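Heads up, the thing below is written out as structure tokens.
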Amino acid sequence: MSAAHHVTGPVLVIGTGLLGASLGLGLSRLGVEVWLSDPSPTAARVAQDIGAGTVLQQGEETVPRLVVVAAPPDVTADVVADALTHYDDAIVLDIASVKGSILRQLRLRCDRGELSEQQLSRYVGAHPMAGREKSGPAAARGELFTAMPWVVCAHATSSARAVRAATDVGIDLGATIVRLSAEEHDAAVALVSHFPQVASSLLASRLMNAPGHALALAGNGLRDTTRIAASDPKLWIQILSHNSGELVKILYGLREDLNRLIGTLEDPHAEGALLDLAELMSEGNAGHARIPGKHGAPPQAFSVVTVIVDDRPGQIAELLTAVGSAGVNIEDLRMEHSSGHDVGMVEISVLPGRSAELMEFLTEREWKVVQ
Ligand SMILES: NC(=O)C1=CN([C@@H]2O[C@H](COP(=O)(O)OP(=O)(O)OC[C@H]3O[C@@H](n4cnc5c(N)ncnc54)[C@H](O)[C@@H]3O)[C@@H](O)[C@H]2O)C=CC1
Ligand SMILES: O=C(O)C(=O)Cc1ccc(O)cc1
């Protein structure tokens, strides 16, 4: 398939894991010529097999217009520097989750004379705020970046051509462009990505020795808050250590809040203790309400219509078809199974103005709507 796009190939993707293969897949589908390279021949072959591009064979030369480095953060600066040196006209972009440490390593190379200013001007950092808990090319999705933020971090001497290319990749992949400096980026992701990862891992680690009967009671609250605890430790060790300065500032604040909470709960009957707890909860409500909705839209509270379905093949598909024929858009969907029962609860989030008519529509068609 070939569609209108801004990126001009050939594009060389170095590192063909989850992110590199997803990017290759997205650009290949638009008709851009994509070459793939990875020290793991298996990762490169799998990426090729899913349609992310063509493996660049050992010793084979290409003249890419754009190089995208999608390697782990630890090696990203080295791979970027090699690409800037080897391909003397290509724009080089990296998509690692941290930006400041990579830029600092590249600047150091300039200071040492290992990289010229002209070479550094062809580099721009980027970061798609899109991913999965899985790694490797087999988990790649061409639409991974659609409607997700794509941060472009131009540095003081990035050329206009390099910034344009980094932006064009995001636009072609359907992402939403955000421009930040590397410092602004690292402070922002420490708060909205790295801290949630640590919080989720800390929370889930409390479950390691939990008795089976306690885990059997787990509901969506626990599943929601521990989802990203399943992330790849190899990658996250690198992300957290590269952005430790920003993350530690947030953890100091958390430590203060935790100390305050522990103090309150140690004596919940003390004067002011309940007010303290109420404040904690309402501060949480206020923070949660500030998280933007889908596609960066303002936060929006949806109404949830809950339907009980039999746990048998085809039920969900029938329910979704019914919602579609009611002409109501599904904003979010989740399903809960109660263990030991052969029914499931489907929670359908819709715009608040549409829930009453959807409930009536489904009830009339004999769906078991929870009133
Ligand atoms: N996983 C996620 O959700 C997100 C990851 N990122 C960033 O994308 C980059 C790649 O992450 P994933 O694709 O998730 O990891 P991955 O583990 O799925 O893939 C990484 C690939 O890099 C290759 N690699 C290792 N050393 C290399 C080297 N020296 N040169 C070239 N390739 C090398 C590996 O063989 C592997 O195929 C990382 O920098 C990560 O911070 C960015 C946004 C989201
Ligand atoms: O799954 C999620 O909620 C994520 O936030 C995924 C993610 C992981 C790492 C990144 O650098 C960017 C995005």
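From a predicted model like this one, the values you see are computed outputs, not experimental measurements. Atoms within each ligand, like the ligands themselves, are counted from 1 in listed order.
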Does some non-hydrogen atom of the protein lie less than 4.0 angstrom from atom 4 (C) of ligand 2?
->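 Answer no: nothing from the protein, no heavy atom, is under 4.0 Å.
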
Atom 15 (O) of ligand 1: protein heavy atom closer than 4.0 Å?
-> no

What is the nearest protein non-hydrogen atom to atom 13 (C) of ligand 2, stated with its residue, atom name and distance?
->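 Going atom by atom, the protein heavy atom closest to atom 13 (C) of ligand 2 ends up being Ala130 N, 3.8 Å.
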
List the closest protein heavy-atom neighbour of atom 19 (O) of ligand 1: residue, atom name, distance to the nearest 0.1 Å.
->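 Sorting protein heavy atoms by distance from atom 19 (O) of ligand 1 puts Gly17 CA, 3.1 Å first.
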
Do His242 and Ser244 meet the criterion of a side-chain donor-acceptor pair at a distance under 3.5 Å?
-> no

Does the side chain of Gln197 come under 3.5 Å of the side chain of Ser201 through a donor N or O and an acceptor N or O?
->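 On atom types as modelled, these side chains qualify, holding a pair under 3.5 Å.
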
Polar contacts were defined as any N/O atom of the residue lying under 3.5 Å from an N/O atom of the ligand; does this apply to [X] and ligand 1?
{"X": "His127", "result": "no"}
{"X": "Pro72", "result": "no"}
{"X": "Asp38", "result": "yes"}

Atoms in ligand 1 with a heavy atom of [X] nearer than 4.0 Å:
{"X": "Ala43", "answer": "37 (O)"}
{"X": "Leu235", "answer": "1 (N), 14 (O), 38 (C), 40 (C), 41 (O)"}
{"X": "Ala96", "answer": "7 (C), 39 (O), 41 (O)"}
{"X": "Pro128", "answer": "43 (C)"}
{"X": "Ile14", "answer": "31 (C)"}
{"X": "Pro73", "answer": "38 (C), 39 (O), 41 (O)"}
{"X": "Ile95", "answer": "6 (N), 7 (C), 8 (O), 42 (C)"}
{"X": "Gly15", "answer": "22 (O), 32 (N)"}

Looking only at heavy atoms, is any part of Arg227 under 4.0 Å from ligand 2, and if so is it the side chain, the backbone, or both, or is it neither?
->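 Looking at Arg227 and ligand 2, just side chain atoms fall under 4.0 Å.
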
Examine the proximity of ligand 2 to Ser231 and report which part, side chain or backbone, both or neither, has a heavy atom under 4.0 Å away.
-> neither

Measure Ala130 to ligand 1 on non-hydrogen atoms and call it side chain, backbone, both or neither using the 4.0 Å cut-off.
->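 Backbone only.
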
With nothing but distance in play, are any N or O atoms of [X] less than 3.5 Å from an N or O of ligand 2?
{"X": "Ser193", "result": "no"}
{"X": "Ser97", "result": "yes"}
{"X": "Trp236", "result": "no"}

For the residue pair Tyr123 and His155, categorise the inter-ring angle as parallel (less than 30°), tilted (30 to 60°) or perpendicular (more than 60°).
->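 Tyr123 vs His155 ring planes: parallel.
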
Tell me, yes or no, whether the heavy-atom count around [X] atom [atom1], taken from other residues, nucleotides or ligands under 6.0 Å, exceeds 12.
{"X": "Arg107", "atom1": "CZ", "result": "yes"}
{"X": "Glu364", "atom1": "CD", "result": "yes"}
{"X": "Glu61", "atom1": "CD", "result": "yes"}
{"X": "Glu366", "atom1": "CD", "result": "no"}
{"X": "Arg179", "atom1": "CZ", "result": "no"}

With Val79 as reference, evaluate Asp94, Val92, Val69 under the side-chain contact (heavy atoms from CB on, under 4.5 Å) test and give the passing residue.
->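 Answer after filtering Asp94, Val92, Val69: Val69.
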
Of Leu12, Val34, Leu27, Ile95, the residue whose pairing with Val68 passes side-chain contact (heavy atoms from CB on, under 4.5 Å) = Ile95

Judged by non-hydrogen atoms, does Gln197 sit under 4.0 Å from ligand 2?
->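 Distance cut 4.0 Å: Gln197 fails for ligand 2.
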
Between Trp236 and His194, does the ring centroid distance fall short of 6.0 Å?
->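 Judged by ring-centre distance (under 6.0 Å), Trp236 and His194 do meet the cut-off.
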
Side-chain heavy-atom pair Lys368, Asp310 within 4.5 angstrom cut-off |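 With C-beta onward as the side chain, the pair touches.
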
Compare all side-chain heavy atoms of Gln48 with those of Thr54 and state whether any distance is below 4.5 angstrom.
->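 They are in contact (side-chain heavy atoms under 4.5 Å apart), so the answer is yes.
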
Hey, looking at atom 6 (C) of ligand 2, which of Pro128, Pro149, Gly131, Ala96 has the closest heavy atom?
->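 The residue whose heavy atom sits nearest atom 6 (C) of ligand 2 is Gly131.
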
Look at atom 38 (C) of ligand 1 and find which of Ala47, Pro41, Ala71, Ala83 reaches it with the closest heavy atom.
-> Ala71

Taking only heavy atoms of His127, which atoms of ligand 2 are found under 4.0 Å from at least one of them?
->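 Once the distances to His127 are compared, the set is 10 (C), 11 (O), 12 (C).
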
Side chain Asp172, main chain Val7, donor-acceptor under 3.5 Å =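 Answer holds: yes.
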
